[in-house]
Amino acid sequence: MSSIIRAKQDGDELMIVSSLDEKFIRHYFRLDDDLEKIYSKINRDEIMDSLISKYHGLRLINQDPWECLVSYICSSNNTIRNIRNSIRKMCECFGEKIEDGYYSFPLPEMLSRINKREMEQCSLGFRAPRVLEIATGIAKHEFELYGLKDLSYDEGRRELMKINGVGGKIADCVLLFAFGKLESFPVDTHIEQIMDRTYGENWKVAKNSKKREEIARFARTYFGKYCGYAQEYLYMEDLGL
DNA sequence: CTCCAGGCTTACG
DNA sequence: CGTAAGCATGGA
């Protein structure tokens with residue numbers, strides 16, 4: 001599906017120019033989410049209350065699962081800047097040209113035919129073979145990524161973590177940003193630091209690898225079933241936009 | 001030069 | 001079980 005969406009907002013009026021139908025647009029931008037209801041659930045303290053005021057209207061999106069999965073495989077031990085550059089290069093090199101300067105995200109079938117040498121221009125480092133491997137697996141129908149939408153959060157997470165290069169954090173990102181599992185609470189380095197300095201030690205772990213799991217578990221009980229939205233607002237504050 | 005970045009895998013006790 | 005090195009690349 002290669003198509004451009006042009007969007008701008010004037011006050012509370014959203015203008016969309018696209019060849020895609022309204023149903024897709026509403027789904028992609030999650031326009032039918034009842035934000036006030038979600039706010040009332042996650043608004044547990046003054047901190048979240050101020051974030052809700054500051055970023056009022058901020059929504060999650062329903063990204064394509066394949067694009068989302070590859071993007072976060074590329075995020076492993078990497079900077080946001082390098083991730084964006086790598087994704088852009090993959091689109092330019094292996095995607096389809098839509099307009100001047102606009103390229104679609106390459107499909108699994110395309111990337112499955114790319115060799116390591118051709119992939120080097122994307123600067124993916126040790127992540128490149130992981131991307132090519134899962135592209136091949138999906139192209140050959142050995143892994144049914146799009147079938148995961150019908151699974152529960154826990155089931156989907158187990159399946160995603162079977163993929164080489166996908167652990168708990170990346171699985172949580174795909175579940176939240178592509179499959180709309182709002183009970184997902186991805187904990188990366190940023191969120192870990194935010195949670196440490198904002199919510200102290202509501203979890204008991206010295207400093208082992210299970211700490212992030214414990215933070216996510218706390219967040220789920222603290223913010224509730226829409227904690228994914230809480231994560232988005234916390235992360236937004238850390239980006240400092 | 002060293003250290004770290006929207007982590008994960010593997011090796012070793 | 002648990003912890004720690006290693007991983008490619010680019011920027012501070």
Side-chain angles (χ1 to χ4, degrees), chain A residues 51 55 58-93 105 111 114-135 137 143 145 156-179 181-182 184-199 203-217 219-220 223 227-241:
Chain A
L51 290 178
Y55 302 111
L58 174 67
R59 290 168 193 272
L60 293 163
I61 61 168
N62 281 315
Q63 197 181 15
D64 172 69
W66 158 248
E67 181 176 346
C68 186
L69 174 61
V70 172
S71 298
Y72 281 101
I73 286 177
C74 297
S75 78
S76 208
N77 196 32
N78 206 353
T79 61
I80 294 177
R81 179 190 179 82
N82 288 340
I83 297 164
R84 281 212 314 259
N85 286 338
S86 290
I87 293 172
R88 181 171 43 75
K89 285 178 186 171
M90 279 190 284
C91 294
E92 291 171 355
C93 295
F105 192 84
L111 287 190
I114 304 302
N115 60 40
K116 275 188 170 182
R117 179 72 60 81
E118 297 174 282
M119 204 65 173
E120 283 177 6
Q121 51 193 317
C122 301
S123 303
L124 284 175
F126 64 90
R127 309 163 196 88
R130 295 174 175 175
V131 171
L132 298 181
E133 186 182 339
I134 184 57
F143 190 92
L145 176 64
R157 194 170 197 264
R158 272 196 295 276
E159 290 304 309
L160 285 168
M161 289 179 68
K162 290 178 181 175
I163 301 170
N164 184 29
V166 177
K169 188 268 174 180
I170 293 177
D172 280 340
C173 285
V174 175
L175 289 164
L176 180 61
F177 303 128
F179 290 117
K181 304 297 184 187
L182 301 186
S184 179
F185 192 89
V187 181
D188 55 34
T189 55
H190 297 253
I191 292 293
E192 181 176 344
Q193 291 173 29
I194 295 168
M195 293 297 286
D196 274 341
R197 91 175 98 93
T198 310
Y199 295 102
W203 45 90
K204 341 180 194 281
V205 176
K207 61 165 190 173
N208 60 22
S209 55
K210 274 174 55 184
K211 181 180 179 184
R212 295 186 176 185
E213 301 276 354
E214 291 301 316
I215 293 176
R217 204 154 60 83
R220 202 160 294 121
F223 294 114
C227 61
Y229 259 98
Q231 194 268 9
E232 191 72 358
Y233 280 69
L234 288 166
Y235 198 82
M236 195 67 184
E237 181 69 355
D238 197 68
L239 282 183
L241 300 178

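Chain letters run A, B, ... following the sequence lines, proteins first and then strands; every chain starts at 1.
With its ring centre under 5.5 Å from that of the base six-membered ring and a plane angle below 30°, A/Y235 counts as stacked on B/dG6.
In this structure, A/R127 and A/N77 approach most closely via the heavy-atom pair NH2-O, 3.0 Å. Shown here for A/A135 and A/L111, the closest heavy-atom pair between the two residues is CB-CB, 3.7 Å. Residues A/C68 and A/Q63 share a closest heavy-atom pair of CB-OE1, 3.3 Å. Scanning all heavy atoms of the two residues, the minimum distance from A/E214 to A/R217 falls at OE1-NH2, 2.8 Å.
Residue order along DNA chain B, read from the 5' end via each residue's closest nucleotide, puts A/F177 first among A/M161 and A/F177. Both A/P186 and A/G165 sit near DNA chain B, but only A/P186 has its closest nucleotide nearer the 5' end.
A/R130 contributes no side-chain N or O that, together with a main-chain N or O of A/V166, makes up a donor-acceptor pair within less than 3.5 Å. Put simply, the side chain of A/Y55 never gets that close to the backbone of A/E232: no donor and acceptor are under 3.5 Å apart.
At the heavy-atom level, A/N164 lies under 4.0 Å from the strands shown only through sugar-phosphate atoms. A/I163 comes within contact range of the sugar-phosphate backbone alone, with a heavy-atom separation under 4.0 Å but no base atom that close. Across all strands, A/V166 comes closer than 4.0 Å only to sugar-phosphate atoms, never to a base (heavy-atom distances). Using a 4.0 Å heavy-atom criterion, one finds that A/I170 contacts the sugar-phosphate atoms exclusively.
For the pair A/K89 NZ and C/dG10 C1', the interatomic distance rounds to 10 Å; values are reported in whole Å. When rounded to the nearest whole Å, the span between CG of A/L160 and P of B/dC8 equals 11 Å. Rounded to whole Å, the distance from CZ on A/R88 to C1' on C/dG10 is 14 Å. Atom CG of A/L69 is separated from atom C1' of B/dC8 by 14 Å (rounded to the nearest Å). For A/Q193 and B/dA5, the CD to C1' distance is 11 Å, given to the nearest whole Å. Distance, A/N77 CG to B/dG7 P: 7 Å, rounded to whole Å. If you take CD1 of A/I191 and C1' of B/dG7, they are 15 Å apart, rounded to a whole angstrom. Nucleotide B/dG6 holds its P atom 13 Å from the CD atom of A/E192, rounded to whole Å.
The side chain of A/D188 lies closest to B/dG7, out of B/dG7, B/dA5, C/dG10. Of the candidate nucleotides B/dG7, C/dG2, B/dA5, B/dG7 has the atom lying nearest to any side-chain atom of A/R130. Among the nucleotides C/dT9, B/dG6, B/dA5, the one closest to any side-chain atom of A/S123 is C/dT9. Minimum atom distance to the side chain of A/K210 is reached by C/dG2, of the listed C/dG2, B/dG6, C/dA8. In the set C/dC7, C/dG10, C/dG2, the nucleotide with an atom closest to the side chain of A/N82 is C/dG10. Minimum atom distance to the side chain of A/F126 is reached by B/dG7, of the listed B/dG7, C/dG11, B/dG6. For A/Q231, counting side-chain heavy atoms from C-beta on, the closest listed nucleotide (B/dG6, B/dA5, C/dC7) is B/dG6.
The separation of C/dC7 from B/dA5, taken at their C1' atoms, amounts to 13 Å, rounded to a whole angstrom. Rounded to whole Å, the separation between the P atoms of B/dG6 and C/dA4 comes to 23 Å. When the P atom is used for both C/dG10 and B/dT9, the distance is 24 Å, rounded to whole Å.
Between A/L124 and A/M119, some side-chain heavy-atom pair lies under the 4.5 Å cut-off.
Taking 3.5 Å as the limit, the base of B/dG7 and the side chain of A/S76 contain a donor-acceptor pair of atoms between them.
OP1 or OP2 of B/dC4 has not a single side-chain nitrogen or oxygen of A/T79 nearer than 4.0 Å.
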